[in-house]
K.L.:
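Structure incoming, see below.
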Amino acid sequence: MDQATKLMEYFSLPNLDRKNILPIVSATATASFLYVTYRILKTDQEKKQNFKKIPVPGSKYPYVGHMMSLGELPGRTIAKWHEELGPIINLKMGVQNWILVDDPVLAHKIFVTKGIDTSYRPHNVYAHDHYSFGGKGISFSQPDGVWKVSRAAALSVLAPKHIENYTPSLERESRDLVSRFIESTEKDGSVNPLKHLELFSMNVIITAVFSKRFDSVEDPDFRKLDTMVAHVIKNCGLENDLPNFLPIVSIYDYFFGGQAEQRDFIQNKRNPFFRQLIRDAAAADSPNVIKSLVEDGFKLTNDETLAITADLVAAGTDTVSISLQWNIAVMCRRPDIQKKVISEIDEFIKSNGRLPSFQERGHLPYCISVIKESMRFRSTTSLGLAHTTYEDLIIDGYMIPKNSNLISSMDSMHMRQDMYPNPKKFEPERFMNNLKTMQSAANGKLEERDHFNFGWGRRICPGIYLAETELFLAFVQMFARCYIEPSTDGLPDIDSAVNLGVTTAPVSYEVKFVKRANSLI
Ligand code: HEM
């Protein structure tokens, strides 16, 4: 949604006489104006020193800065600004200062080399005040004691040895996903993969976390949880945090606007639902994260446990399903690539009489390259998750002021000609020399990174191994059993996109999953 429209939504005060609020608003506006003026003067002083200038794109307005210039797809607008202005740019978002980087070498220096100083999360009103009980859990806590324990807990339960316990469930979910695709195509002529993919990735994560799964996209509890995930993804989107950009918004927003709705949603819908899931999981017979947390000796309060599990569900559902949505859309347009993928999968089945496990992925280099290329070609998140720093930093001759939001411009980074020759072409072959798991590439040397979708440094995604196992198993299952063909509406549109907040999805589309007559399984 356009920033101007969002702003107007925040300003709607249905039951309040606007005359009463005017003096408060005016006082806040004056204070905010003085604060912004102070920030501008301070930045000017900094410029006088001999640091390299960080370019500021031209299209900014008083007080709101670039907020109105980001457009529907901020990642793409920012990519254009990088093209014009270089690898590092500076945006003013109301009172916030954003530093965006699209050069992996510079990003590595900021997020990894200076990781101790740059692993903080900027304050997001929804994420901090409502969603995470004031900064508990993993994704939005600060890198102190709480985060260390929560992250250690997540790394422990998402470690390969734990994920391998969930392999039967992962295989079952992939099989079910493709069966639903085929059945829906046979019944209705074509299918929109979106909800089926969300059910797939949600079932994987909630089986692991709570020993629970949903049978169908019609299940009311699936719909509830799906809405909860969409709520987080939307409200944690960087550019949706209006009260933090414009302090003027926050006063009455707290009582009447977006925050009142957010608080109510978290307290009265999300929390009771998750508390019940946690109670059921503790009593379940099968292994799950809730039980592992206790068995592995993590001493967490109820709120901490809830915050961690909410993070795992939110971070692990939409990201995986959107990566697969892009993958399917692209593959539908490339029957030539489908043929090569199918031939590689069939070769494996002929020799082994079954589909490969994730551990046997080395036998399918082309499939791995297609999955990686799909994530490069269309980034799952356009701007990752922002970091911040509490210190002024000098990196590569640039002076990065403290409290800036530090953001890696994923869309732009993945389209760099110097890293990915012919970046606008979908060319899986570019990854044939880098078949490492995404997890080891992401955690290894900069030169060996394949793509940057999982973020950086101490905050790098702890779910990479699970994510790539899911992507691999769903991918081989699809092409072992189907061809993907366009629906009567034509080919999926892969040039447009929809900004969902944190993630960027393709525009809704339908395709056909046509059962392969010569399938070997
Ligand atoms: C294709 C799938 C996925 C993508 C593209 C993705 C991407 C990301 C990104 C960009 C970050 C922020 C990193 C940073 O701050 O630099 C992140 C953090 C995180 N991810 Fe993932 N993720 C995926 C799947 C998963 C899965 C399956 C899980 C677990 C179930 C997960 C759990 C988390 C958590 C808990 C964090 C917060 C880490 C922290 O703040 O310390 N993610 N992810």
Side-chain angles (χ1 to χ4, degrees), residues 75 101 107-108 110-112 115 118-122 124 127 132 135-144 146-159 162-163 166 170 197 200-210 229 232-233 236 238 289 307-327 371-372 374-376 378-388 405-410 413-414 438-439 442-443 450-472 474-475 502-505:
V101 186
H108 187 89
I110 295 174
F111 294 113
V112 183
T118 59
S119 297
Y120 296 89
R121 289 282 186 222
N124 169 306
S132 69
K136 295 189 170 50
I138 319 156
S139 306
F140 302 103
S141 52
Q142 298 305 357
D144 56 15
V146 173
W147 173 78
K148 280 190 186 145
V149 174
S150 307
R151 188 163 166 111
L155 284 170
S156 152
V157 295
L158 295 169
H162 274 294
I163 303 299
Y166 304 121
L170 283 162
L197 290 170
F200 161 73
S201 54
M202 187 176 291
N203 271 349
V204 167
I205 193 74
I206 65 170
T207 304
V209 177
F210 302 117
V229 170
V232 186
I233 296 292
C236 293
L238 258 185
V289 167
I308 292 175
T309 57
D311 277 344
L312 295 178
V313 173
T317 304
D318 213 36
T319 45
V320 172
S321 68
I322 281 172
S323 306
L324 283 167
Q325 251 178 281
W326 280 117
N327 188 312
I371 298 171
K372 287 188 176 188
S374 172
M375 292 185 76
R376 177 205 70 85
R378 292 293 178 262
S379 306
T380 317
T381 69
S382 289
L383 303 174
L385 274 189
H387 295 209
T388 191
N405 277 10
L406 308 172
I407 299 161
S408 70
S409 309
M410 301 285 188
M413 200 173 277
H414 289 138
M438 295 187 215
Q439 191 195 28
N443 287 290
D450 40 14
H451 59 81
F452 303 95
N453 277 288
F454 293 108
W456 297 94
R458 297 171 79 203
R459 303 302 297 228
I460 201 163
C461 175
I464 308 178
Y465 189 82
L466 175 60
E468 65 177 324
T469 308
E470 288 181 63
L471 296 171
F472 179 79
F475 184 87
V502 178
T503 47
T504 305

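The model shown is predicted, which means the values in this text are computed figures rather than measured ones. As the structure lists them, so they are numbered: ligands from 1, and atoms in each ligand from 1.
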K.L.:
Give a yes/no on ligand 1: does Trp147 have at least one heavy atom closer than 4.0 angstrom to it?
P.N.:
yes
K.L.:
What atoms in ligand 1 come closer than 4.0 Å to a heavy atom of His387?
P.N.:
14 (C), 15 (O), 16 (O)
K.L.:
Under a 4.0 angstrom heavy-atom cut-off, which atoms of ligand 1 come close to Gly316?
P.N.:
26 (C), 27 (C), 28 (C), 30 (C)
K.L.:
Looking only at atom types and distance, does a side-chain atom of Thr503 sit under 3.5 Å from a main-chain N or O of Thr319, one as donor and one as acceptor?
P.N.:
no
K.L.:
Between atom CG of Leu385 and atom CG of Asn124, what is the distance when rounded to the nearest 0.5 Å?
P.N.:
9.5 Å
K.L.:
What's the verdict on side-chain contact (heavy atoms from CB on, under 4.5 Å) for His414 and Asn453, showing C-alpha distance, side-chain angles and the deciding distance?
P.N.:
CA-CA 9 Å; His414 289 138; Asn453 277 288; 3.4 Å; yes
K.L.:
Which of the atoms of ligand 1 are close to Met375, meaning less than 4.0 Å from one of its heavy atoms?
P.N.:
1 (C)
K.L.:
Quick one: does Arg121 get within less than 4.0 Å of ligand 1, heavy atoms only?
P.N.:
yes
K.L.:
Do Thr381 and ligand 1 have an N or O pair less than 3.5 Å apart?
P.N.:
no
K.L.:
Which ligand 1 atoms does Leu312 reach within 4.0 Å, using its non-hydrogen atoms?
P.N.:
30 (C)
K.L.:
How long is the straight-line distance from CG of Leu324 back to CE of Met375, given to the nearest 0.5 Å?
P.N.:
9.0 Å
K.L.:
Using a 4.0 Å cut-off to any heavy atom of Ser323, which atoms of ligand 1 qualify?
P.N.:
1 (C)
K.L.:
Taking all non-hydrogen atoms of both residues into account, name the closest pair between Ser119 and His387 and its distance.
P.N.:
CA-ND1, 4.1 Å
K.L.:
Taking only heavy atoms of Ala467, which atoms of ligand 1 are found under 4.0 Å from at least one of them?
P.N.:
2 (C), 24 (C)
K.L.:
Can you tell me the protein heavy atom closest to atom 25 (C) of ligand 1 and the distance?
P.N.:
Ala315 O, 3.4 Å
K.L.:
Does Ala154 have a heavy atom less than 4.0 Å from any atom of ligand 1?
P.N.:
no
K.L.:
Pull out every atom of ligand 1 sitting under 4.0 Å from any heavy atom of Ile205, numbered as shown with elements.
P.N.:
30 (C)
